[in-house]
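One structure is given below, encoded as structure tokens.
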Amino acid sequence: PNCKQCLRHSGNKEAYDGILEVLCRTDYFKAKMCDTNGNLFKDKEPYFKLICREVYYGLKKKERFLALPLDVIAAENAVKSFKARKTRKFTKRKEIFSSCTDTVTNRMQKSAEECRRFLMKDCMSDEENDTIDPNTGDAISFKVIVPEWRSDKLNEFYTVLDELHANRSTRYKLSKKRTYHSGPMDVPDKVIKKRLPGWGFRQS
């Protein structure tokens with residue numbers, strides 16, 4: 001589709017016909033969507049239009065993205081990458097806590113319920129690229145920004161979870177180098193609203 005034209009523009013008909021031609025080669029379309037001549041069944045036209053619309057808006061989004069300056073694209077990709085990494089780490093920590101609750105609570109000398117309440121993304125550290133491989137553009141090491149408002153006890157809680165995960169995962173042991181730096185002093189609003197146990201906060 002011509003992403004500079006609206007979805008219903010007649011100039012996009014050729015693209016729609018091309019999509020239909022490709023889809024009609026699939027077994028699903030042959031069996032469910034069209035007759036032996038490759039013509040769509042009437043009741044299937046809305047579904048086909050939906051497919052075209054998804055292709056159109058996907059290409060339009062890609063075209064708009066590729067028109068951005070390279071440094072902006074790199075920055076956006078880095079943000080997406082770090083969000084995905086933070087989500088994976090969050091998921092792993094929840095899984096470890098669920099499977100090793102007694103071990104964690106014994107080491108922390110805190111109740112399971114209190115520890116569980118600190119399993120929040122908003123309490124976790126953020127990461128930034130530190131050293132970049134000039135040949136590939138990939139990060140060699142990461143800079144971990146640890147929230148300054150977190151107490152030593154809360155930092156210990158996350159360390160215990162990560163150590164337990166490392167003992168189970170060879171891949172984790174081979175992960176990239178990380179350096180640790182102080183982060184924000186202010187507690188996020190989402191964390192304040194949760195009224196979490198006081199031992200997780202640094203006392204001024």
Which residues pass the salt bridge (charged side-chain N to carboxylate O under 4.0 Å, His left out) test with [X], sequence neighbours left out?
X      : result
Asp27  : none
Glu113 : Arg116
Asp126 : Lys86
Lys193 : none

**Request:** List in chain and number order the residues that pass ring-ring contact (aromatic ring centres under 6.0 Å, His included) with Phe97, two or more places apart in sequence or in another chain; answer none if no residue qualifies.
**Result:**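 Phe97 satisfies ring-ring contact (aromatic ring centres under 6.0 Å, His included) with no residue once adjacent residues are dropped.
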
**Asked** Residues in ring-ring contact (aromatic ring centres under 6.0 Å, His included) with Phe201, at least two apart?
**Response**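 Once residues adjacent in sequence are excluded, the partners of Phe201 under the ring-ring contact (aromatic ring centres under 6.0 Å, His included) criterion are Trp149.
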
**Message:** In the structure I gave you, are the side-chain heavy atoms of Lys121 and Thr87 within less than 4.5 Å of one another anywhere?
**Reply:** yes

Go through the structure and list residues passing side-chain contact (heavy atoms from CB on, under 4.5 Å) with [X], not counting sequence neighbours.
X      : answer
Ser98  : none
Glu156 : Met108, Lys153, Val160
Ser182 : Glu148
Lys194 : Met120, Leu196

Quick check: closest heavy atoms across [X] and [Y], and the distance to 0.1 Å?
X      : Y      : answer
Lys32  : Lys44  : O-CE, 3.3 Å
Leu161 : Ile96  : O-CG2, 3.8 Å
Ser111 : Thr105 : C-CG2, 4.0 Å

**Message:** Could you list the cluster mates of Phe41? Members are the ILVMFWY residues connected by side-chain heavy atoms closer than 4.5 Å, either directly or through other members.
**Reply:**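 Members other than Phe41 - counting any ILVMFWY side chain reachable under 4.5 Å - there are none.
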
**Prompt:** What's in the same ILVMFWY side-chain cluster as Val146, cut-off under 4.5 Å, chained through other members?
**Reply:**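 So far as hydrophobic clustering goes, Val146 is joined with Val144, Tyr180.
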
**Item:** Side chains of Ser99 and Arg168, donor plus acceptor under 3.5 Å
**Value:**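 On atom types as modelled, these side chains qualify, holding a pair under 3.5 Å.
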
**Request:** Give a yes-or-no answer on whether the side chains of Ser125 and Lys89 include a donor-acceptor pair shorter than 3.5 Å.
**Result:**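 Note: Ser125 and Lys89 side chains miss the donor-acceptor criterion.
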
**Request:** Answer yes or no: are there more than 12 heavy-atom neighbours, outside Asn106 itself, under 6.0 Å from its atom CG?
**Result:**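 Above 12, so yes.
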
**Prompt:** Backbone N or O of Pro197 within a donor-acceptor pair of the Arg117 side chain at under 3.5 Å?
**Reply:**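 Not a single qualifying donor-acceptor pair exists.
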
**Message:** Please evaluate residues Arg202 and Asp152 with respect to the criterion salt bridge (Lys or Arg N to Asp or Glu O under 4.0 Å), reporting the C-alpha separation (whole Å), side-chain torsions for both, the decisive distance (0.1 Å), and the verdict.
**Reply:** CA-CA 7 Å; Arg202 188 174 300 281; Asp152 291 342; 3.3 Å; yes

